[in-house]
Amino acid sequence: MPDSRGGSQAGRTAPRTLAEALRARADDELAALLRARPDLLSPVPNDVTQLATRAGTRASVVRALERLDRFALQTAEALAVASDPAPYEELLGLLTGDEPVPEVAAALPGALAELRRQALVWGEDDRLRLVRTARELLAPQPTRPSPTGLGPTVAEATAGMSPGRLQEIVAEAGLPATHDPVSAVAALTSLFTDRERMARLLDTAPSEALSVLDRLVWGPPYGEVTASPAPPVRWLRDRGLLLPASPRTVVLPREAALHLRAGRAHRTPEPVPPAVVVAAERRPQVVDSAAAGQAYTALATVEDLLKDWHEGGPAVLRAGGLSVRDLKRTAAALDTTEPLAAFWLELTYAAGLLASDGEVDERYAPTPAYDEWLELPAARRWAVLATAWLAATRTPGLVGGQDSKGRTLSALGPELDRSAAPEVRHRVLRLLAALPDGAAPDPRSLQDRLRWERPLRGDALGTGARDLRARLTEWTLSEAELLGITGRGALAAPARALLGAGGADDGSGTADDGTGAGTGTRTGTGRDTGRGTPGAGDDARRAHAVALLTPLLPEPLDHVLLQADLTAVAPGPLERPLAEALSVLADVESKGGATVYRFTPGSVRRALDAGRSASDLHAFLAAHSRTPVPQPLSYLIDDVARRHGHLRVGAASAYVRCDDETVLGEILADRRSQGLGLRRLAPTVLAARTDPAALLEGLRSLGYAPAAESAEGDVLITRAHARRTPPRTAPVPVPDGPPLPDRTLLGAAVKAIRAGDLAATVERRPAGAGTSAPPADGELPRTTAAETLATVQAAALTGSALWIGYVNADGAASQRVIAPVRVEGGFVTGYDHTADEVRTYPLHRITGVAELVED
């Protein structure tokens, strides 16, 4: 029966298997395991034995090893080359060597606790065992050297060697002859592990032979030899210091290498994470101001991008994404580079402000959420972008590269998701938050720290994955600066608030990023992945960030400064109605701290086409200018308005009419109008072969100011038509493995595992006279229908628990522990300890019952 910690009585003694070790754990320790390795929960194991089996599978172990920091991994690697089981002293010796290393001795208990917590190591300190699959992955193999650089043991390297050859090696090493190969191998092993005898043997070695050992001692331990090796190699081979691995390859046995390494499994143990070096320190106010300025620029860039696609953006490629030509056009419109244009596109897409319209002729366009976003205050709009960036798995830095099949990766394309991106972003920002306010890190030291926290990540994921994580770090730093998360390289106060908890991280791994990803462990395992469930805490952090950013952003202005050179200067951000009206009346000439608008005949005509009259434009400028309206600007407006609409274009295919016959004659005489296919129908009317829109553009290119008219002869007012996609949700980030479980799920999973374990391991009463024998372990109980009914009815009267076998409607068999309450109508109702709830079961689906032994 379970003990007070939720395990069995066997858990009070030294465990013999991983299942026994897990069974002896307390419930909170099992929950910690399931949190650190959430893949074990898919689906919830039936009992502890199944949990242990799943924890030992190759895929799960690889994933767990990937998330170890460097020292925890070095500890596991040392256990892989230690004896099995290994005492704590042997493990410590492999990590420190002959000389004590206080840092290693201090860090080892924590690393070992982390390996135990993740069920990669089990057993007491005098019998430490690495999970078999982890040993296979980390131990030396002929085709894959160990990460320690060590080779096989003497016993492994001499397997299959003839007894005569073994005796020759024993004799050359100065050992007495033995009677069998086993004792010969034991004698060689004893020699290589005896420091004094091994030192005396190496004292007799030629210097060239010692040079050969120096080249092999730290790995790889294999070397090629010819059919007639050189004398130094022959000397080593004759004494077993080099053993044959193949006809042309020799290997340095592990015991000899450890002697040459002074007992160390690793050249340089790294028990302490490298510190993030501060490259520059600035006043926090300077950092916050710089970040706020960049945050405002980010908002303006996103608005400019989607304003440019206001009436519909470029077409979607057949394979998805944006064409190279359209990306170049977007970069030119934003006055930036193509990589930066790809970043802004991906950011707006991740925030749900941009999507494809889903039409037959599929094109990109702003979403309805963009209009809602525009109505928010500036600080809240920034929070939407920053939150989307933190959680996004899409990686704009990959745009322009190639996938595994050699195809170019396009912006907004389908192959840009990288599940590690949110984890890297959160961890980089966490490390920045751990620095003093206003401190900017040295990028190289930041990379070193991240490599220490995830040393195996790249190797386990395949070629190039390590490089990807390094590039993700670089992209995070540059993108954070673009977005206003950082200012001049240091984390700004609004970003600290968005991350929550002040961002402090002392290297203990207990910091919480607000995503529910923190594990509260010594190592970097499973923290800051950005995959938690949003909640009230997230809203509070966003509100705090918005409150900090709001006073740092400039207030919108309601005026401009008109100048005599037909320009207007906006000394800051303009109120939205003013900015929208001015963007129609004038062209943006330059941006920066102040925006310069230029008035041209074309821009004034654009305002007139939108339905504004000359008097409206004069009144607008007078109301919003802090300087008098310059006379040249008034003349420009009046001149364009006087000529505007003098020519009228309508649909014939198209026609031009004008009360002034001379003007039409000038148009016909102009050689540049030949492409329009004009001919005179009447003294005041010309017909054209082109459509009205093309005719309007053609006449404007000739310097005229025509106006479109309706079939009734009225002037048509042209306004920009806002094109929007149907309602779209933001793209869902691709998770890095299964989602992290919350406390409710962990508690329910632990209860289910305990109940299933009870059903699988509880003692049953021995069969009495006339009843079936108890089933073997793992088999369902078998009783007749009469026996089942009688036993269930008796249990309902006495309130005792039963162990039953049950087959559901799908034919799936399971074992359960129930406490029957009522038996009627062919059904039994009772409390199911396995499911932790009251359930009703048909009696005909119960294969058999067995009474439980009393406590």
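Computed from heavy atoms alone, side chains included, the values below leave out hydrogens, waters and symmetry copies.
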Testing the basics here: between G123 and L128, what is the closest heavy-atom pair and its distance to 0.1 Å? O-CD2, 3.9 Å
Using modelled atom types and a 3.5 Å cut-off, is there a donor and acceptor pairing between side-chain atoms of T395 and backbone atoms of T393? yes
Flag, side chain of W122 to backbone of P15, donor-acceptor distance under 3.5 Å: no
Would you kindly say whether R54 and Q50 are connected by a side-chain donor-acceptor distance under 3.5 Å? yes
Restricting to non-hydrogen atoms, name the atom on P152 and the atom on P140 that form the minimum distance, rounded to 0.1 Å. N-CB, 4.4 Å
State the CD-CD distance between E474 and Q447, to the nearest 0.5 angstrom. 5.5 Å
Passes salt bridge (charged side-chain N to carboxylate O under 4.0 Å, His left out), E415 versus R407? Steps please. CA-CA 10 Å; E415 301 295 332; R407 296 172 297 193; 5.2 Å; no
Residue pair L216 / L260, side-chain heavy-atom distance below 4.5 Å: no
Assess the residue pair W475 and L398 against the criterion (side chain to side chain contact (heavy atoms under 4.5 Å, CB included)); give the C-alpha distance rounded to whole Å, side-chain angles, the decisive distance to 0.1 Å, and a yes or no. CA-CA 10 Å; W475 294 333; L398 296 173; 3.8 Å; yes
What's the separation between atom CZ in F71 and atom CD in E77, rounded to the nearest 0.5 Å? 11.5 Å
With a 4.5 Å heavy-atom cut-off, do V424 and R418 have their side chains touching? no
Using atom types as modelled and distance alone, determine if a side-chain donor or acceptor of S183 lies under 3.5 Å from a backbone N or O of D180. yes
State the CZ-CZ distance between R63 and R37, to the nearest 0.5 angstrom. 10.5 Å
Keeping S211 on the side-chain end and S207 on the backbone end, is there a donor-acceptor pair under 3.5 Å? yes
Quick one: closest heavy-atom pair of R264 and G97, and the distance? CG-CA, 3.5 Å
CZ (R234) with more than 12 external heavy atoms under 6.0 Å: yes
Using only atom types and a distance under 3.5 Å, with no angle test, would you say the side chain of R135 pairs donor to acceptor with the backbone of A80? yes
Among L202, L213, T193, the one residue meeting side chain to side chain contact (heavy atoms under 4.5 Å, CB included) with H259: L202
Between the side chains of D203 and R200, is the shortest nitrogen-to-carboxylate-oxygen separation below 4.0 Å, so that they form an ion pair? no
Answer yes or no: is there a side-chain heavy-atom contact under 4.5 Å between L416 and P396? no
Using a strict cut-off of less than 4.0 Å between a Lys/Arg side-chain nitrogen and an Asp/Glu carboxylate oxygen, indicate whether R116 and D125 qualify as a salt bridge. yes
Shortest non-hydrogen contact from P273 toward R449: CB-NE, 3.7 Å
Counting C-beta onward and ignoring hydrogens, is there a side-chain heavy-atom pair between P109 and Y88 closer than 4.5 Å? yes
Nearest 0.5 Å please: distance from the CG atom of D69 over to the CD atom of Q74. 9.0 Å
Would T57 and T133 count as a side chain to side chain contact (heavy atoms under 4.5 Å, CB included) here? Give the steps. CA-CA 7 Å; T57 59; T133 307; over 6 Å; no
Rounded to the nearest 0.5 Å, how far does CD of E208 lie from CG of L236? 10.5 Å
For D84 and R129, what are the C-alpha separation, side-chain angles and deciding distance, and is it a side chain to side chain contact (heavy atoms under 4.5 Å, CB included)? CA-CA 6 Å; D84 187 22; R129 292 183 181 273; 3.5 Å; yes
Tell me if a side-chain donor or acceptor on R35 pairs with a main-chain N or O of P741 at a distance below 3.5 Å. yes
Quiz question: by atom type and distance under 3.5 Å, do the side chains of T153 and E255 form a donor-acceptor pair? no
For R165, look at atom CZ and say whether over 12 heavy atoms of other residues, nucleotides or ligands are found less than 6.0 Å away. yes
Does the pair R117/E114 count as a salt bridge with the N-to-O cut at 4.0 Å? yes
Could you tell me if the side chain of L431 sits less than 4.5 Å from the side chain of L450, heavy atoms only? yes
If you define the side chain from C-beta out and look only at heavy atoms, does anything of L120 sit under 4.5 Å from L79? no
Residues E423 and R67 bridged, charged N to O under 4.0 Å: yes
May I ask you to test the V225-L242 pair for a side-chain heavy-atom distance under 4.5 Å? no
Can a donor-acceptor pair be found, under 3.5 Å and without considering hydrogens, that links the side chain of T476 to the backbone of L472? yes
I'd like to check L241 versus M198 (side-chain heavy atoms, cut-off strictly below 4.5 Å). Are they in contact? yes
Residue pair P269 / V104: nearest heavy atoms and the distance that separates them: CB-CG2, 3.9 Å
Which heavy atom in L91 sits nearest to a heavy atom in A78, and how many Å separate them? CD1-CB, 3.7 Å
Please determine whether a side-chain nitrogen of the Lys or Arg among R127 and E124 lies less than 4.0 Å from a carboxylate oxygen of the Asp or Glu. no
Which distance, rounded to the nearest 0.5 Å, do you find between the OG1 of T49 and the CD of E20? 9.0 Å
Assess the residue pair D238 and E168 against the criterion (side chain to side chain contact (heavy atoms under 4.5 Å, CB included)); give the C-alpha distance rounded to whole Å, side-chain angles, the decisive distance to 0.1 Å, and a yes or no. CA-CA 8 Å; D238 291 344; E168 292 175 2; over 6 Å; no
Would you say E66's side chain and R454's backbone share a donor-acceptor pair under 3.5 angstrom? no
Counting N and O atoms only, with roles assigned by atom type, does the side chain of E90 sit under 3.5 Å from a partner on the main chain of S83, one being a donor and the other an acceptor? yes
